[in-house]
Chemist: 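So that we are looking at the same thing, I have put the structure below in C-alpha cells.
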Amino acid sequence: MQRLIAALLLAATHCQASIIKPGDKKYVSIIRPGDKYSLDPSRDQCTTIIVGKDATGDGGPLTSHTNDCNACDFRLSKVPSKKTSKDEKRDIYRYRAEYPRYLGTDKGKTYEQVKKYYDWKHGKGDFKSMGTVPYDTDSTYAFIDGAYGMMNNQDLAIGESTCGARITALPVSEGGQALMDARELSLIALERCATARCAVELMGGLAEAHGFYGADATAGEAGEALTVVDREEAWVFHVLADDTGTSAVWAARKVPDAHVAVVANQFVITTLPPEEQGSQWLASANVKDVATRSGLWDGSGQLNFLEVYGLSHPHLSTYSTRRVWRVFDVAAPSKRLPAETDEWARDYPFSVPVEGTLGAEKVMALLRDHYEGTPYDMTRGLAAGPHGDPARWDMAATPDVGYAAADSITLEEATSGKFERAISMFRTSYSFVSQSRGKSSELPSILWVAQYAPHSASYIPLYVESDDVPEALSTGSLHEVDHTSLYWPAAMVGNWAGRLYDVAYPLVQARIEDISSHIHESRRKAEKRALETKTLAERTKILSSLSNETSHYALDEWWALFWDLCSKVKDGQRLDDLHVEKLKPTKAFYPRRWLDEIGYFPRQESWKEGVVISFDILKYGLAFLLGAFAATALQRRKRPPSPARAQATDYGVVSAEMT
C-alpha cells in the first residue's frame with residue numbers, strides 16, 4: 001500500500017497537482033488547467049477500433065483490442081456460466097496484469113493451475129478480495145476472459161484502451177475507497193448483460209456506486225475507454241474517478257451504424273448535445289458538477305468531455321492522434337483528414353463514415369499496420385535501422401542497461417524526444433477482433449484472437465459456446481518459453497525477423513496469408529456443417545473442434561516458420577533454395593538509402609561536377625594572370641629612369657656603374 005500511495009504522491013508532486021483528502025483513506029489527485037504534468041507513453045497503452053453494423057459487411061458491428069502490455073499474462077480463459085442468487089456476494093479483486101492474472105476455481109480452468117515461479121496464493125496480495133458486490137442476477141453468462149472481459153455467449157464484446165485523465169483515485173487495496181477498475185467492470189458486464197446499452201449503463205452505475213480507479217496510480221492511465229458491441233449497436237464508454245475518490249464520472253456515445261471510431265489512449269467523446277441525450281449519448285448525472293467543483297470547467301458553453309476530463313500528450317500528441325488518423329484515413333480516404341493535428345485532435349470527428357466496408361479481416365490488417373506507404377512509415381528512415389525494423393523500444397531511463405556512462409540517459413531525457421507509435425507493436429500480449437453476423441444470423445459471433453504482435457501472429461476463431469479455450473491460447477507465460485503456447489513461436493518469429501526485417505518479413509507475411517487462407521476455409525466448412533446440425537450440442541462440438549484444430553495447425557506452422565527463418569535468414573544473408581547441390585546465399589548487405597545516410601560512400605565527383613570545378617579553376621587562373629599582368633604594366637609606367645646597372649662581384653657584393 002505504501003508503495004502505491006508514494007507513487008501517487010510523487011506523480012502529483014511532479015505534475016504540480018493538488019492532493020485532496022476529503023476523509024480518512026480517501027486519496028485523490030487532480031490535475032487542474034495550468035498544472036504541469038507529463039505522461040509516460042511507454043505504459044501499457046492499447047488501441048481499440050469499433051465499427052457500426054452497416055459498415056462491417058457482416059451484418060453486425062465489431063470491436064477490437066490490442067492488449068499492448070510488456071509484462072501481461074497473455075493466456076485466455078473460458079469462464080463458465082453460473083447459477084447464483086441476486087443477493088449472493090461477488091468478490092472484487094485488485095487489477096493485476098502480470099502472470100498469473102488470477103488464481104482460483106471460479107473463472108475457468110486456465111486459472112486453476114499456475115506454475116510456481118513464485119509462491120502465489122489465493123487470498124494473498126493481489127488475489128485477496130478487496131470487497132464484494134451482489135451478483136444481482138439468478139445466473140451469469142459464460143464468457144471469454146483475457147486482460148479484460150472479451151466476449152460472452154450473448155455476442156456482447158468489449159475492447160479497451162487506457163486514457164489519460166485529470167482525476168486519479170486509489171483503490172481500496174491501497175488505502176483508497178475505489179473498488180472498481182475497467183477489468184472488473186467488463187467482467188460484470190459480460191456476466192449480466194446481453195446488450196451494449198445494458199453494459200454501458202451497468203458499468204457506469206457500478207463505477208458511480210463503488211468508486212473507480214485506473215490501471216495504475218499515474219494520470220496517464222487514470223481513465224479508461226471501453227468499446228462495447230452487441231449484434232446491433234456499438235458504443236464507446238469513458239470513465240474516470242470523481243473528485244472524492246468514492247465515485248466516478250462517465251460518458252458513452254453511440255457509434256453511428258455506418259461509421260468507425262477509434263480510441264488510442266486519449267478520450268474521443270467531446271460535447272454532449274442535450275437533444276441527443278438518451279439516443280446518442282449517456283452520462284453520469286454528476287458529469288458537470290464534478291467538473292465545476294474541481295476547478296476543471298468554468299461552466300460556460302458546452303462541456304467538452306475530452307478537454308475537461310482528459311489529458312493530451314503535449315509534444316508526444318502524435319502517440320495517440322496518428323493512430324486515429326491512420327484508421328480514419330484508411331476507412332474514409334476521401335475526407336483527406338490531416339495527419340498533423342493539435343494535441344486534442346480537434347480536426348478529427350468522433351467517428352467517420354466508412355467508404356465501402358471495414359469488416360473483421362480489414363480490421364485485422366489495420367491492427368498489423370506500421371503506417372506503411374505513408375510519410376510516417378516506420379519501416380523507413382534511420383530510426384528503422386538498415387533493414388526497416390518497425391519496432392521502437394519503450395522510452396526508459398538506461399543507467400542499469402550496461403551502456404557506457406556517456407550513453408546512459410534519464411527518463412526525463414528519454415521522454416523529451418519521440419518516435420512514431422504504430423498500431424501494431426512488439427509488446428502486444430494478444431489482440432482480438434469480434435465478428436457478429438447480425439441479429440438475424442443463426443451463427444454465433446466469432447472472437448478472432450492472435451497472441452503477440454498482430455504483424456507477427458495469426459488470428460484463431462473462438463466461439464464462446466465452445467467447451468473451453470484451446471490449450472495453445474490458454475497456457476504459457478513470459479517466465480519461460482513454452483512450446484505448447486501459440487504466443488511463443490509468434491514472439492520468436494517477430495524478434496528474429498526484426499533484425500533483417502526487409503529481408504525476412506516478406507517470408508513471414510506470405511506464411512501469415514497461407515495460414516489465414518487455411519483457417520478461413522476450415523471455418524467456412526465448419527460453419528456450414530454447424531448450420532446443418534439439429535442440436536446445439538452438435539453445433540458446439542463442430543465449432544469447438546474448429547477452434548482446437550486451427551490453433552494446433554497455427555502452432556505447428558509458426559514453430560516451423562521460426563526454424564525456417566533460422567536457416568534461411570541469418571548472418572546478413574538469405575537462402576532462397578535449400579534443395580540444391582550447392583547453397584547460393586543472397587547477401588543482404590545494406591540498402592543504398594541507409595548507406596547514403598551514414599556517409600558510407602567516399603565523396604566522388606561526377607564528370608559534370610569535374611567540368612564545373614575545372615572551369616572554375618581555369619576562370620580563377622585566368623583572372624589571376626590578367627590581374628598580375630595589369631599590375632606589372634601599371635608598375636612600369638610609374639617607375640623613374642633606371643639608375644646604374646647593378647652587377648654582382650665575385651663576393652656577391654653589388655657595385656654600381658654608371659651607364
Side-chain angles (χ1 to χ4, degrees), residues 1-5 7-8 23-27 72-73 75-114 116 118-150 152 158 160 169-193 202-203 205-217 221 224 226 239 241 245-248:
M1 181 180 79
Q2 292 177 340
R3 175 175 56 84
L4 194 53
I5 292 174
L8 182 57
D24 293 338
K25 299 184 179 180
K26 296 180 183 178
Y27 293 90
C72 274
D73 187 344
R75 300 173 301 159
L76 308 184
S77 182
K78 163 69 181 295
V79 181
S81 59
K82 176 182 178 180
K83 294 292 184 183
T84 65
S85 66
K86 291 187 176 182
D87 296 328
E88 184 179 344
K89 299 298 183 182
R90 181 195 185 283
D91 286 316
I92 303 295
Y93 294 91
R94 173 77 169 89
Y95 172 75
R96 179 182 172 93
E98 299 82 6
Y99 177 96
R101 182 184 304 122
Y102 178 72
L103 282 176
T105 60
D106 59 335
K107 286 184 171 62
K109 297 178 182 178
T110 299
Y111 302 128
E112 292 179 7
Q113 296 182 349
V114 176
K116 289 292 185 179
Y118 182 80
D119 190 23
W120 298 295
K121 292 181 180 179
H122 185 72
K124 301 290 185 181
D126 292 337
F127 312 113
K128 180 180 180 180
S129 173
M130 294 198 301
T132 62
V133 297
Y135 268 102
D136 201 28
T137 183
D138 294 325
S139 63
T140 63
Y141 295 122
F143 63 94
I144 293 177
D145 178 38
Y148 303 87
M150 299 167 74
N152 71 10
I158 302 177
E160 183 272 347
L170 285 178
V172 170
S173 61
E174 312 302 333
Q177 288 199 353
L179 192 62
M180 292 290 169
D181 74 299
R183 171 171 166 76
E184 286 288 5
L185 291 177
S186 67
L187 299 185
I188 297 173
L190 293 178
E191 289 170 356
R192 299 188 196 176
C193 290
L202 176 61
M203 292 189 296
L206 288 169
E208 285 187 78
H210 302 285
F212 176 83
Y213 66 95
D216 61 30
E221 299 209 324
E224 282 281 2
L226 297 172
V239 63
T246 64
S247 187

Chemist: So how far is it from R90 CZ to I188 CD1, rounded to the nearest 0.5 Å?
Modeler: 4.5 Å

Chemist: Under the salt bridge (Lys or Arg N to Asp or Glu O under 4.0 Å) definition, can you give me all pairs with a residue in residues 124-133, not counting sequence neighbours?
Modeler: R96-D126

Chemist: Please find the pair of heavy atoms, one from G211 and one from A178, that lie closest to each other, and give the distance.
Modeler: C-CB, 3.8 Å

Chemist: Start with the C-alpha gap between Y148 and Y95, add the side-chain angles, then the distance that decides, and say whether side chain to side chain contact (heavy atoms under 4.5 Å, CB included) holds.
Modeler: CA-CA 10 Å; Y148 303 87; Y95 172 75; 3.6 Å; yes

Chemist: Could you tell me which residues satisfy salt bridge (Lys or Arg N to Asp or Glu O under 4.0 Å) with D73, sequence neighbours excluded, listed by chain and number?
Modeler: R75

Chemist: Can you tell me how far NE2 of H210 sits from CG of D181, rounded to the nearest 0.5 angstrom?
Modeler: 13.0 Å

Chemist: When you measure from the side chain of K109 to the backbone N and O of Q113, does any donor-acceptor pair fall under 3.5 Å?
Modeler: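 No; judged by distance alone, with no hydrogens or angles, the pair does not exist.
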
Chemist: Determine which pairs satisfy side chain to side chain donor-acceptor pair (under 3.5 Å) with at least one residue from residues 133-144, sequence neighbours left out, and list them in order.
Modeler: K82-Y135

Chemist: Test your reading of the model: is there a side-chain donor-acceptor pair from S81 to the backbone of A142, 3.5 Å cut-off?
Modeler: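 No, S81 side chain to A142 backbone: no donor-acceptor pair under 3.5 Å.
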
Chemist: Could you walk me through whether W120 and Y99 satisfy the side chain to side chain contact (heavy atoms under 4.5 Å, CB included) test, starting with their C-alpha distance in whole Å, then the side-chain angles of each, then the deciding distance to 0.1 Å, before giving a yes or no?
Modeler: CA-CA 10 Å; W120 298 295; Y99 177 96; 3.9 Å; yes

Chemist: Does the pair E174 and R94 meet the rule for a salt bridge (Lys or Arg N to Asp or Glu O under 4.0 Å), with working shown?
Modeler: CA-CA 9 Å; E174 312 302 333; R94 173 77 169 89; 3.4 Å; yes

Chemist: Restricting to side-chain contact (heavy atoms from CB on, under 4.5 Å), what partner residues turn up for A241, sequence neighbours left out?
Modeler: I167, A169

Chemist: If we ignore hydrogens and angles and just use 3.5 Å, is the side chain of E184 paired with the main-chain N or O of Y93 as donor and acceptor?
Modeler: yes

Chemist: If you look at every heavy atom in A189 and I158, which pair is closest and at what distance?
Modeler: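 Closest heavy-atom pair between A189 and I158: CB-CD1, 4.2 Å.
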
Chemist: Begin from the C-alpha positions of E191 and F143 and carry the test side chain to side chain contact (heavy atoms under 4.5 Å, CB included) through to its verdict.
Modeler: CA-CA 7 Å; E191 289 170 356; F143 63 94; 3.6 Å; yes

Chemist: Looking at residues at least two apart in the chain, or sitting in another chain, which of them share a salt bridge (Lys or Arg N to Asp or Glu O under 4.0 Å) with R101?
Modeler: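 Partners of R101 by the salt bridge (Lys or Arg N to Asp or Glu O under 4.0 Å) criterion come out as none, since no residue qualifies.
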
Chemist: Of the non-hydrogen atoms in I92 and M180, which two are nearest, and what is the gap between them?
Modeler: CD1-CE, 3.8 Å

Chemist: Are any of the side-chain heavy atoms of E224 and L185 separated by less than 4.5 Å?
Modeler: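 Not touching, per the 4.5 Å side-chain cut-off.
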
Chemist: If you apply the rule side chain to side chain contact (heavy atoms under 4.5 Å, CB included), what do you find for M203 with V239, and how did you get there?
Modeler: CA-CA 9 Å; M203 292 189 296; V239 63; over 6 Å; no

Chemist: Taking the side chain as every heavy atom from C-beta outward, state whether M130 and L179 have any atom pair closer than 4.5 Å.
Modeler: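 Yes, side chains in contact.
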
Chemist: Sequence neighbours excluded, which residues qualify as side-chain hydrogen bond (donor to acceptor under 3.5 Å, both in side chains) partners of S129?
Modeler: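 For S129, the residues satisfying side-chain hydrogen bond (donor to acceptor under 3.5 Å, both in side chains) (neighbours in sequence not counted) are D91.
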
Chemist: Among K107, R183, K78, which residue meets the side-chain hydrogen bond (donor to acceptor under 3.5 Å, both in side chains) test with D145?
Modeler: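 Going through the options one by one, the only one that passes is R183.
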
Chemist: Taking only residues two or more places apart in sequence or in another chain, which ones pass salt bridge (Lys or Arg N to Asp or Glu O under 4.0 Å) with K89?
Modeler: none

Chemist: For Y111, give me all partners under ring pair (Phe, Tyr, Trp, His ring centres under 6.0 Å), at least two apart in sequence or on another chain.
Modeler: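 Partners of Y111 under the ring pair (Phe, Tyr, Trp, His ring centres under 6.0 Å) test: Y102.
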
